[in-house]
Enquirer: 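Before we start, here is the structure in question, set down as structure tokens.
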Amino acid sequence: MPRGGRKTDKYRLLEKRGTGSYKEYTPWLKVHEFGSKGRVHRLSGWKVDRVYEFMSDLEVYYFLLRQWEEKVIDIREQFPLLPLEETLLIADELGYEHPDRKSKNNTVMTTDFLITINDIDGIRNVARAIKMESECRKPRVIEKLSIEKKYWENRHIEWGIVTEKQIDKTKAINIYNIYNDYFWREYNLYSDESVNRFINIYINIMNEKGYNVIQTCHEFERVLNWDKGEGLKFFKYLLATKRVKTDMRIPFDFTKMKVYFEDK
């Protein structure tokens with residue numbers, strides 16, 4: 001193995017990276033192996049029990065928004081465009097230089113996200129490249145994206161580019177701010193019966209408090225004899241699991257947030 005933990009494509013192939021789906025999937029690239037220009041992130045999945053790897057804030061925002069959608073059932077990040085020979089052929093056909101060909105060390109290309117959707121049209125995959133709009137105007141980036149586009153066209157899979165202009169950053173940040181609270185029940189080892197009892201108590205108190213989130217949290221803590229701050233954590237769990245609804249397009253402000261309950 002190369003020094004510093006960095007792996008070659010040969011090792012990634014041996015590890016069967018980029019194969020499988022759901023919890024069996026492992027991304028082709030991992031954050032500790034990749035020289036990202038921005039911040040990198042690792043997050044545990046809500047719908048799929050595995051750790052996801054992201055090379056930028058923009059990738060995280062996009063992931064959060066897609067995971068929030070009920071119709072999205074699987075997300076595979078850093079998906080490899082294999083076999084390598086195919087993207088080499090596509091590059092030749094388009095008259096473009098394949099990544100790292102000049103160094104005689106051709107690199108396996110990746111698509112940022114391969115997303116599995118289950119809706120009225122059935123189960124299908126869509127592929128998405130995540131780029132800052134300014135990057136999309138660079139000639140070399142355009143060439144690489146053209147190779148990527150043709151690869152997915154050959155498989156009759158919808159492909160597209162997503163820039164910061166198509167991403168609702170406020171909604172993504174709101175989801176990020178309650179992300180870890182999704183695992184509140186898991187951390188506290190409560191049963192379904194206990195959680196349902198807490199929810200009923202919370203709803204009754206919220207009705208009494210005129211849907212004032214902060215007052216409800218304080219009274220909820222008093223009734224259950226919970227530590228200060230635990231009521232708000234429970235409320236954020238309710239938001240993350242969609243037991244409580246709010247307008248996710250508005251920056252969170254718990255002092256004046258408008259919320260409502262809706263049966264799942």
Side-chain angles (χ1 to χ4, degrees), residues 16-29 41-56 58-82 109-131 145 148-163 165-186 192 195-196 199 236-249 260-264:
K16 296 184 178 180
R17 298 234 196 134
T19 62
S21 56
Y22 300 100
K23 67 184 299 182
E24 284 76 31
Y25 177 78
T26 301
W28 186 256
L29 300 174
H41 305 263
R42 301 177 82 244
L43 291 177
S44 296
W46 283 358
K47 299 178 181 181
V48 177
D49 184 19
R50 73 172 179 86
V51 175
Y52 290 78
E53 314 251 351
F54 307 107
M55 308 304 172
S56 68
L58 201 61
E59 287 186 11
V60 173
Y61 294 153
Y62 184 73
F63 168 79
L64 293 169
L65 293 170
R66 296 314 300 260
Q67 186 170 228
W68 187 259
E69 298 176 35
E70 296 294 333
K71 65 182 181 180
V72 173
I73 59 175
D74 193 18
I75 300 174
R76 285 169 278 180
E77 77 280 21
Q78 301 302 324
F79 191 88
L81 308 188
L82 293 170
M109 298 179 63
T110 59
T111 287
D112 294 319
F113 289 102
L114 183 63
I115 301 158
T116 305
I117 296 170
N118 185 8
D119 59 14
I120 59 174
D121 297 320
I123 297 177
R124 68 188 193 282
N125 290 319
V126 298
R128 292 291 183 267
I130 313 300
K131 297 289 181 186
L145 290 174
E148 188 177 331
K149 177 183 179 182
K150 181 62 177 175
Y151 176 91
W152 291 112
E153 284 180 350
N154 290 346
R155 285 158 176 74
H156 305 289
I157 289 177
E158 177 193 324
W159 175 89
I161 303 170
V162 178
T163 73
K165 291 193 174 181
Q166 284 84 51
I167 289 178
D168 186 337
K169 186 176 178 181
T170 296
K171 183 176 180 179
I173 290 174
N174 284 341
I175 297 171
Y176 187 80
N177 285 337
I178 60 174
Y179 194 86
N180 288 332
D181 298 287
Y182 182 92
F183 304 103
W184 175 87
R185 176 192 160 185
E186 179 182 336
D192 285 341
V195 172
N196 288 333
I199 291 173
K236 290 163 73 176
Y237 163 75
L238 297 180
L239 280 175
T241 55
K242 300 182 181 179
R243 267 98 162 177
V244 172
K245 303 291 184 71
T246 190
D247 189 341
M248 297 294 289
R249 300 167 299 177
Y260 61 96
F261 289 90
E262 182 175 277
D263 294 334
K264 295 195 70 177

Enquirer: I want to check something: taking the side chain as every heavy atom from C-beta on, are M109 and Y151 in contact at a cut-off of under 4.5 Å?
Expert: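 The answer is no; the side chains never approach within 4.5 Å.
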Enquirer: Using 0.5 Å steps for rounding, measure from the CZ atom of R243 to the CD1 atom of I199.
Expert: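 Those atoms lie 4.5 Å apart.
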Enquirer: Drop me the distance from T241's OG1 to K236's NZ, to the nearest 0.5 angstrom.
Expert: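 Reported value, rounded in 0.5 Å steps: 13.5 Å.
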Enquirer: Could you check if a side-chain atom of R42 sits within less than 4.5 angstrom of a side-chain atom of Y52, using non-hydrogen atoms only?
Expert: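 No - every pair of side-chain heavy atoms lies 4.5 Å or more apart.
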Enquirer: Taking everything shown except K47 itself, do over 12 heavy atoms lie less than 6.0 Å from its NZ?
Expert: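 Enclosed.
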Enquirer: Could you tell me whether the side chain of D74 reaches within less than 4.5 Å of the side chain of I115, counting heavy atoms only?
Expert: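 Result no, sub-4.5 Å side-chain heavy-atom pair not found.
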Enquirer: Report yes or no: do W159 and E148 form a side-chain donor-acceptor pair below 3.5 Å?
Expert: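 Judged by distance alone, the side chains do pair up.
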Enquirer: Specify the closest pair of heavy atoms between P27 and R17, including all atoms of both residues, with the distance to one decimal.
Expert: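 Shortest heavy-atom separation between P27 and R17 comes out as O-CD, 3.1 Å.
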Enquirer: Heavy-atom count check: over 12 atoms from other residues, nucleotides or ligands less than 6.0 Å from D49 CG?
Expert: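 No, CG of D49 has 12 or fewer neighbouring heavy atoms, counting only those of other groups under 6.0 Å.
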Enquirer: Where do K16 and T26 land on the side chain to side chain contact (heavy atoms under 4.5 Å, CB included) test, with the steps shown first?
Expert: CA-CA 8 Å; K16 296 184 178 180; T26 301; over 6 Å; no
Enquirer: Is it the case that atom OH in Y179 sees more than 12 heavy atoms from other parts of the structure closer than 6.0 Å?
Expert: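 Yes.
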Enquirer: Do the two ring centres, one from F54 and one from F63, sit under 6.0 Å apart?
Expert: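 Centroid separation for F54 and F63: below 6.0 Å.
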Enquirer: Between R128 and V126, does a side chain to side chain contact (heavy atoms under 4.5 Å, CB included) hold up when you go through it step by step?
Expert: CA-CA 7 Å; R128 292 291 183 267; V126 298; 3.9 Å; yes
Enquirer: Does any non-hydrogen side-chain atom of T110 lie less than 4.5 Å from one of L29?
Expert: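 SC-SC contact between L29 and T110 confirmed.
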Enquirer: Can you give me the closest heavy-atom contact between L43 and L64, atom names plus distance?
Expert: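 Reported closest heavy-atom pair: CD1-CD2, 4.3 Å.
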Enquirer: Working to the nearest 0.5 angstrom, can you tell me the gap between L114 CG and R76 CZ?
Expert: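 It is 4.5 Å, given to the nearest 0.5 Å.
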Enquirer: Which heavy atom of K242 sits nearest a heavy atom of E70, and at what distance?
Expert: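 Scanning both residues, the minimum pair turns out to be NZ-OE2, 3.0 Å.
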Enquirer: Are R185 and F183 in a cation-pi contact, defined as NZ or CZ under 6.0 Å from the six-membered ring centre and within 45° of the axis?
Expert: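 Judged by the rule, R185 and F183 form no cation-pi pair.
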Enquirer: I need the K149 NZ to T111 OG1 distance, nearest 0.5 Å.
Expert: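 So the gap between those two atoms works out to 13.5 Å.
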Enquirer: Hey, could you give me the OG1/OH distance between T246 and Y260, rounded to the nearest 0.5 Å?
Expert: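 With rounding to 0.5 Å, OG1 (T246) is 8.0 Å from OH (Y260).
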Enquirer: Less than 4.5 Å apart, side chain to side chain, heavy atoms only: is that true for I178 and Y182?
Expert: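 The answer is no; the side chains never approach within 4.5 Å.
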Enquirer: After noting the C-alpha distance and the side-chain angles of V195 and Y237, does the key distance pass the side chain to side chain contact (heavy atoms under 4.5 Å, CB included) rule?
Expert: CA-CA 11 Å; V195 172; Y237 163 75; 4.0 Å; yes
Enquirer: Return yes when atom NZ of K169 has more than 12 non-hydrogen atoms of other residues, nucleotides or ligands closer than 6.0 Å, and no otherwise.
Expert: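 Atom NZ in K169 is not crowded, with 12 or fewer foreign heavy atoms closer than 6.0 Å.
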Enquirer: From the options V72, I123, I75, select the one residue that forms a side-chain contact (heavy atoms from CB on, under 4.5 Å) with T116.
Expert: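 Checked V72, I123, I75 against T116; only one passes side-chain contact (heavy atoms from CB on, under 4.5 Å): I123.
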Enquirer: Minimum heavy-atom separation for L145 to K131, with atom names?
Expert: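 Closest approach of L145 to K131: CD2-CE, 4.2 Å.
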Enquirer: Please evaluate residues I173 and Y61 with respect to the criterion side chain to side chain contact (heavy atoms under 4.5 Å, CB included), reporting the C-alpha separation (whole Å), side-chain torsions for both, the decisive distance (0.1 Å), and the verdict.
Expert: CA-CA 7 Å; I173 290 174; Y61 294 153; 4.0 Å; yes
Enquirer: Would a distance-only check, ignoring hydrogens and angles, find a side-chain to backbone donor-acceptor pair under 3.5 Å from Q78 to W28?
Expert: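 Pair absent, no side-chain N/O of Q78 close to backbone of W28.
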Enquirer: Between I117 and I73, is there a side-chain heavy-atom distance shorter than 4.5 Å?
Expert: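 Heavy-atom side-chain distance check fails, nothing below 4.5 Å.
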Enquirer: Ignoring hydrogens and geometry, is there a side-chain-to-backbone donor-acceptor pair from D112 to I130 under 3.5 Å?
Expert: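 Yes: the side chain of D112 pairs with the backbone of I130.
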Enquirer: Give me the atom names and distance for the closest heavy-atom approach of V60 to Y176.
Expert: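 Shortest heavy-atom contact: CG1-CD1, 4.3 Å.
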Enquirer: Answer with yes or no after comparing the ring centroid distance for Y62 and F113 against a 6.0 Å cut-off, counting only values under it.
Expert: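 When the ring centroids of Y62 and F113 are compared, they turn out to be within the sub-6.0 Å range.
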Enquirer: Which is it for E59 and R66 under the salt bridge (charged side-chain N to carboxylate O under 4.0 Å, His left out) test, yes or no, and what are the steps along the way?
Expert: CA-CA 11 Å; E59 287 186 11; R66 296 314 300 260; over 6 Å; no
Enquirer: Can a donor-acceptor pair be found, under 3.5 Å and without considering hydrogens, that links the side chain of N174 to the backbone of M248?
Expert: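 Flag set: sc N174 to bb M248 pair under 3.5 Å.
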Enquirer: At what distance, to the nearest 0.5 angstrom, does CD of E186 lie from CG of N180?
Expert: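 Interatomic distance, E186 CD to N180 CG, rounded to 0.5 Å: 11.0 Å.
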Enquirer: Quick check against the 3.5 Å criterion: does D181 have a side-chain atom that pairs as donor or acceptor with the backbone of W184?
Expert: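 Checked: no pair found.
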Enquirer: What are the two closest heavy atoms between N125 and I157, and how far apart are they?
Expert: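 Minimum heavy-atom contact is O-CG2, 3.5 Å.
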